[in-house]
There are 2 protein chains.
Amino acid sequence: MNTTIYDVAREAGVSMATVSRVVNGNPNVKPATRKKVLDAIEGLGYRPNAVARGLASKKTTTVGVIIPDISSVFFAELARGIEDIAMMYKYNIILSNSDQNKDREINLINTLLEKQVDGIVFMGGEITEEHVEQFKHSPVPIVLAATVDENKEVPSVNIDYADAAFDAVEELIEGGHQRIGMVSGSLEDPVNGYKKFSGYKEALNKNNITFEEELVTVGDYSYDSGLRAAQSLMKLENPPTAIFASTDEMALGVIHGLQDDGFSVPDQVNVIGFDNTRLATMVRPTLTTVVQPMYDIGAVSMRLLTKFMNKEEVDESTVVLPHRLEYRQSTNIPEK
Amino acid sequence: MNTTIYDVAREAGVSMATVSRVVNGNPNVKPATRKKVLDAIEGLGYRPNAVARGLASKKTTTVGVIIPDISSVFFAELARGIEDIAMMYKYNIILSNSDQNKDREINLINTLLEKQVDGIVFMGGEITEEHVEQFKHSPVPIVLAATVDENKEVPSVNIDYADAAFDAVEELIEGGHQRIGMVSGSLEDPVNGYKKFSGYKEALNKNNITFEEELVTVGDYSYDSGLRAAQSLMKLENPPTAIFASTDEMALGVIHGLQDDGFSVPDQVNVIGFDNTRLATMVRPTLTTVVQPMYDIGAVSMRLLTKFMNKEEVDESTVVLPHRLEYRQSTNIPEK
DNA sequence: CTGAAAGCGCTAACAA
DNA sequence: TTGTTAGCGCTTTCAG
């Protein structure tokens, strides 16, 4: 049997309400009384029961976090940003992996809601009608982190992926490249696939370079898929002189795929990645990449969620963070 | 106002006890009654309140996980193992970063206990008296994952780090190396520092190689510290012909530090890492490394925890998983 | 197979 | 400044 607020009350010779007050830092308690209670708490080793508190107050001070895969460098960094801010605001986090599986995502939302979380940060891939339906019916606020809702019906924190891809590819073009390969994610994936792909296409378009299907490969975000993609691109009759990969991990694969086949980076082929994960400096040549502030996206989305949970006024519920290109050794284009 | 078990009971024309029974899958309910209840649940969109359930049943089906840093490749992989098994057993996970800060660790344990978690998986560095004291007084089971308690007072899942380091270094010796450098973690760190260091020393000893202080560098687990360590080791009057790093990330730094200074790996210097994170194949030459089954350590520790939570019999509460050496391109010693 | 009723430990009016 | 008293939504005996 654990010690309860009653035990403390008896020990301190006050009512349980008073104990509750001192535990919750209510100022309406005489210092002397407060001390008696504190001593009793100390003496009994009393630890408040957050579940009971949650039931009575209808607040659990915990938020749910749905993440595709915590073992991915990218998402782990995001999660760190989320958790740091959550901790700063005294929230705990229930973390669950979804593997981007829609059914599991929906399920997770429901179990989190059963657990009465005060809010949810959702990271995923495609946001379907069904997702939006769920989100809208949620009794607690939800914000998307690094996840795009095309119709902006759900609060979210992102960078402009298409624009970022556009910038990277245009840099390559201005650096003199005309045949630029792309290693994309699945085009069904709104962020790493579709958005970045359309930025790529747009950059070609604007610069009057005809788009060629054969220069685009679809990978699965893994290092190996980047490696294979590079090798198949270089087997083309007219191979690219630069390759843009939609994630850093694939970009590393691309670099090594090129090197393994005897191509020199950046002398023969320029490579640009996306994300600026820690991987980008752990390769030779080091990787020029689009900087996506992952930690910040996590932190900002959690901060946004706290505002919703406190029913604070928020002026802009879909926030777009800035991006930029980090020039390293895998390209030899002039830095802007 | 959310719909409660009472609403369902009224709607279905039964008592709340019956509703509770069908929600909890209690077989003692007539199929016809069950159907009525299920229909009512469906119709009302009833969602059981896990907090209320937790208060009444004294079980929350959530476990706490204390982790040094979720953005580390190593721990993220462990966390994935933990979460997968937790999910398999219908537990949710409250995840918190400690940065190996002792005060924060103790604090986290307490807030997790306040939240009435059913158990805790703890990952950390040094386990002090105070830690053990906390663990012993915990009302719920705790297991250590990839974290060593010297006195085996607390259940834990690990590999034999000293032995693993010993094996790696001995391989190097058998491969003909006599001057072997080490990039260690802080010697205060029982696992990545002390244990691995003593394995290193032991291997030298057994093979009659005198230990030389100058061949050991202490890093901070970062890529950069590995890079700097390699460069300082190679400035020695009598530099090493092989370097053993206590983590993969530092080993990557070592390889690139060597390459940046014009040394060839493995022709001039062999390099062995530790962990076999995904990084090991994302480098050229690919990294020979000690395989530590991170995912498995996480999975096994969670499994162990479920046994404790179910009050099942466990015969061995400190489990030691096997390790092995994965031969890749950063060494040219013969594979055993 | 079903219902009644007593808590689980705490918060939050409302009184005093 | 402090105490009394309803609940919060559910599980769990105990009866029937």
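Computed from a predicted structure; not experimentally measured. Order of the sequence lines sets the chain letters (A, B, ...), proteins ahead of strands, with each chain counted from 1.
- Separating the CZ atom of A/R10 from the P atom of D/dG3 is a distance of 14 Å, rounded to the nearest angstrom.
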Report task. Assess whether salt bridge (charged side-chain N to carboxylate O under 4.0 Å, His left out) is satisfied between A/D7 and A/R10, documenting all intermediate values. Result -> CA-CA 5 Å; A/D7 303 318; A/R10 191 181 329 107; 3.2 Å; yes

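- Using a 4.0 Å cut-off between a side-chain N of Lys or Arg and a carboxylate O of Asp or Glu, B/K307 and B/D315 do not qualify as a salt bridge.
- Residue A/K58 places none of its side-chain N or O atoms closer than 4.0 Å to OP1 or OP2 of C/dC10.
- For the pair B/I5 CD1 and D/dC10 C1', the interatomic distance rounds to 6 Å; values are reported in whole Å.
- A/E312 CD: more than 12 foreign heavy atoms inside a 6.0 Å radius.
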With sugar-phosphate taken as primed atoms, P, OP1 and OP2 and all else as base, the protein-contact string of nucleotides 2-7 of chain C at under 4.0 Å (heavy atoms; B, S, -) is BBB--B

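- For B/E42, the CD atom sits in a loose shell: 12 or fewer heavy atoms of surrounding residues, nucleotides or ligands are nearer than 6.0 Å.
- Between A/S20 and C/dT11 there is a side-chain polar atom (N or O) within less than 4.0 angstrom of OP1 or OP2.
- A/K115 places a side-chain N or O within donor-acceptor distance of the main-chain N or O of B/T60, the cut-off being under 3.5 Å.
- Atom CG of B/N24 and atom C1' of D/dG9 are 13 Å apart (whole Å).
- OP1 or OP2 of C/dC8 has not a single side-chain nitrogen or oxygen of A/N49 nearer than 4.0 Å.
- For A/N26 and C/dA12, the CG to C1' distance is 11 Å, given to the nearest whole Å.
- To the nearest angstrom, C1' of D/dT11 lies 16 Å from CD of B/Q116.
- Aromatic ring centres of A/F135 and A/F122: separated by under 6.0 Å.
- Using a 4.0 Å cut-off between charged side-chain N and carboxylate O, B/D99 and A/R80 make a salt bridge.
- As rounded to whole Å, 9 Å separates atom P of C/dC10 from atom CG of B/L55.
- Taking the C1' atoms of five terminal pairs at each end of the helix from C/dC1-D/dG16 to C/dA16-D/dT1, the two resulting helix axes are inclined by 30°, rounded to 10°.
- The distance between atom CZ of B/R53 and atom P of D/dC8, rounded to the nearest whole Å, is 18 Å.
- Using modelled atom types, one side-chain atom of B/T128 and one backbone atom of B/H131 make a donor-acceptor pair closer than 3.5 Å.
- At a threshold of 4.0 Å, the pair B/E150-B/K195 counts as salt-bridged, since one of the basic side-chain nitrogens sits closer than that to a carboxylate oxygen.
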